[in-house]
Amino acid sequence: MPSRLTDAFRAHPVHLHHKHLLDFTSFQELPDSYKWTQLDDHAHCPPGGDSFVAESVPVIDLSDPNALKKIGHACKTWGVFQVTNHGVPSTLLDITEKASMSLFSLPIQQKLKAARLPDGVSGYGVARIASFFSKLMWSEGFTVAGSPLEHFRQLWPQDYSKFCDIIEEYQLEMQKLAARLMWLTLGSLGITREDIKWAGPKSDFKETSAALQFNYYPACPDPDRAMGLAAHTDSTLLTILYQNSTSGLQVLREGTGWVTVPPIPGGLVINVGDLLHILSNGLYPSVLHRAVVNRTKHRLSMAYLYGPPPSVKISPLSKLVGPSQPPLYRPVTWNEYLGTKAKHFNKALSSVRVCAPLNGFVDVNDHNNRVKVG
Ligand SMILES: C=C1C[C@]23C[C@H]1CC[C@H]2[C@@]12CCC[C@@](C)(C(=O)O1)[C@H]2[C@@H]3C(=O)O
Ligand SMILES: O=C(O)CCC(=O)C(=O)O
Ligand SMILES: [Fe+2]
């Protein structure tokens, strides 16, 4: 039987401290267990003065005839961009945001009924990457891989079906947009439909898989010392992220530091993930990003983590390799890669590199909050 996304962590169970998922609103002060250090390494400090124009993440109108070219440029130089006119109804974004707020507003005992199992993908809990850090993150999450039915029944025994309908509609719209973005992105690399067999008979990427991650960041009494979601790259082809009107997402820009991705009404953020990095043989690098928190406002984000069918081998596209551009990565399936990420975290990508990383390679995320990286 082909493996499913839900099998990805069978071999890599993580025992996370769900016991730390407390009622965040009860804290007047930030507990020590949530105080991070060196938050400001790579900080983005724009000098004052009117003439200064801060670099900002590209915003691309998908109805622009030059969208393909602009996407290619954004992927190469930033690894992230925002899209407008993407066709996802704003009412659906609103309704899904409200549904996830109802989820996070449930009493903690209720939410824990749908707790993510140590070897599972779906359910309520802290982010999987929490196991790599000694400090706790100021957030809670809920992951849906496949159908939300089972967990939603536990959360809302009476009206789970209305919530299931919303999520299923959202998954459908995200799947359509992800397929469209895949062709724009691949098209910008000169890749055509014949080059990607796993896109399916209609080249519509219908057989691919995805996870939906809801993140909730409560208002925080000491936002400068807390971390919402630690710096990471996504183990995806691409990620479609909706954020509410509270900013918090930051991306690392080489030579500049952390750059905030401002929420734009109706906009969606697109991240290049590690598998697109591999597929493009490093031409489109995956973006390191994190979420910071706010003193007065809560923040909510919904990430659609999009990948290939879980057992398809992903390797640098043959059109992009040649005698002068040897393949930099070995073939890997999505499930294998998620297992590698579960073990090596931010070193996962270099661990599937064909050659050893160059001397002098600096891991930008290697700061002292990390407890173990295999
Ligand atoms: C399909 C995926 C992708 C996962 C694992 C699994 C389900 C949840 C995703 C996230 C979401 C939050 C950040 C991240 C780093 C995490 O901890 O869980 C992501 C991770 C990855 O991109 O590696
Ligand atoms: O909350 C955010 O803006 C970032 C979320 C994220 O990076 C993720 O879910 O993978
Ligand atoms: Fe992410």
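Residue numbers run from 1 in the order of the sequence given. Counting convention: from 1, in listed order, for ligands and their atoms alike.
For Q243, the heavy-atom gap to ligand 2 stays at 4.0 angstrom or more. At least one heavy atom of R299 lies less than 4.0 angstrom from ligand 2.
Note: the hydrophobic cluster containing I71 also contains L317 (ILVMFWY, side chain heavy atoms under 4.5 Å, direct or indirect links).
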Step by step, would you call S188 with Y284 a side chain to side chain donor-acceptor pair (under 3.5 Å)?
CA-CA 11 Å; S188 70; Y284 290 174; 2.6 Å; yes

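Within 6.0 Å of the NZ atom in K313, the count of heavy atoms belonging to other residues, nucleotides or ligands exceeds 12.
Only the side chain of D234 comes within 4.0 Å of ligand 2, judged by heavy-atom distances. With a heavy-atom cut-off of 4.0 Å, H232 touches ligand 2 through its side chain alone. At a 4.0 Å heavy-atom cut-off, ligand 1 touches F9 through the side chain alone. Only the side chain of L241 comes within 4.0 Å of ligand 2, judged by heavy-atom distances. Counting heavy atoms closer than 4.0 Å to ligand 1, residue F132 contributes nothing at all.
Using a 4.0 Å cut-off to heavy atoms of Y217, the atoms of ligand 2 that qualify are 1 (O), 2 (C), 4 (C), 5 (C). Contact atoms of ligand 1 toward R128: 17 (O) (distance under 4.0 Å to a heavy atom of the residue). Near V121, the atoms of ligand 1 lying under 4.0 angstrom from a non-hydrogen atom of the residue are 7 (C). Atoms of ligand 2 found under 4.0 Å from any heavy atom of H289 (numbered from 1 in listed order, with element): 7 (O). Close contacts of ligand 2 with A303, meaning ligand atoms under 4.0 Å from a residue heavy atom, involve 9 (O). Interface of L305 with ligand 1, defined as ligand atoms under 4.0 Å from a residue heavy atom, comprises 9 (C), 11 (C). Counting atoms of ligand 2 from 1 in the listed order, those under 4.0 Å from a heavy atom of Q213 are 9 (O). Every atom of ligand 1 with a heavy atom of S235 under 4.0 Å away is listed here by number and element: 21 (C), 22 (O), 23 (O).
Looking at L275, L338, D274 and measuring to atom 3 (C) of ligand 1, the nearest heavy atom belongs to L338. Evaluated by nearest non-hydrogen atom to atom 12 (C) of ligand 1, the leading choice among K341, H289, Q213 is Q213. For atom 15 (C) of ligand 1, the choice among V144, I129, T6 with the nearest heavy atom turns out to be I129.
In terms of protein heavy atoms, atom 1 (C) of ligand 1 is closest to W334 CZ2, 3.7 Å. Given atom 6 (C) of ligand 2, the protein heavy atom at minimum distance is L229 CD2, 3.5 Å. The protein heavy atom nearest to atom 13 (C) of ligand 1 is H232 NE2, 3.7 Å. Among protein heavy atoms, atom 9 (O) of ligand 2 sits closest to N215 ND2, 2.9 Å.
Shortest non-hydrogen contact noted between L320 and L189 is CD2-O, 3.8 Å. Here the closest heavy-atom approach between residue N281 and residue Q325 is recorded as ND2-O, 3.9 Å. When all heavy atoms are compared, the tightest approach of D32 to K135 is O-NZ, 3.2 Å.
Relative ring orientation between Y329 and H277 is described as perpendicular, the plane-to-plane angle rising above 60° on a 0-90° scale split at 30° and 60°. Ring geometry for H298 against Y216 counts as tilted: the plane angle lies between 30° and 60°, on a 0 to 90° scale. Ring-plane geometry between F133 and W36 is classed as tilted, the angle between the planes lying from 30 to 60 degrees on a 0 to 90 degree scale.
A cation-pi arrangement is present between R193 and W183 under the rule of less than 6.0 angstrom and at most 45 degrees off the ring axis. Cation-pi geometry between R128 and F9 is met: the NZ or CZ atom falls under 6.0 Å from the ring centre, inside 45° of the normal.
The nearest protein heavy atom to atom 20 (C) of ligand 1 is not closer than 4.0 Å.
The main-chain N or O of G273 is never found under 3.5 Å from a side-chain atom of N271 such that the two would form a donor-acceptor pair. Judged by distance alone, with hydrogens and angles left aside, the side-chain atoms of H12 form no donor-acceptor pair with the main-chain N or O of A342 at under 3.5 Å.
When hydrophobic side chains of Ile, Leu, Val, Met, Phe, Trp and Tyr are connected at separations under 4.5 Å, I264 ends up clustered with V59.
At the Fe ion (ligand 3), the angle from NE2 in H232 to OD1 in D234 is 90° when rounded to 10°.
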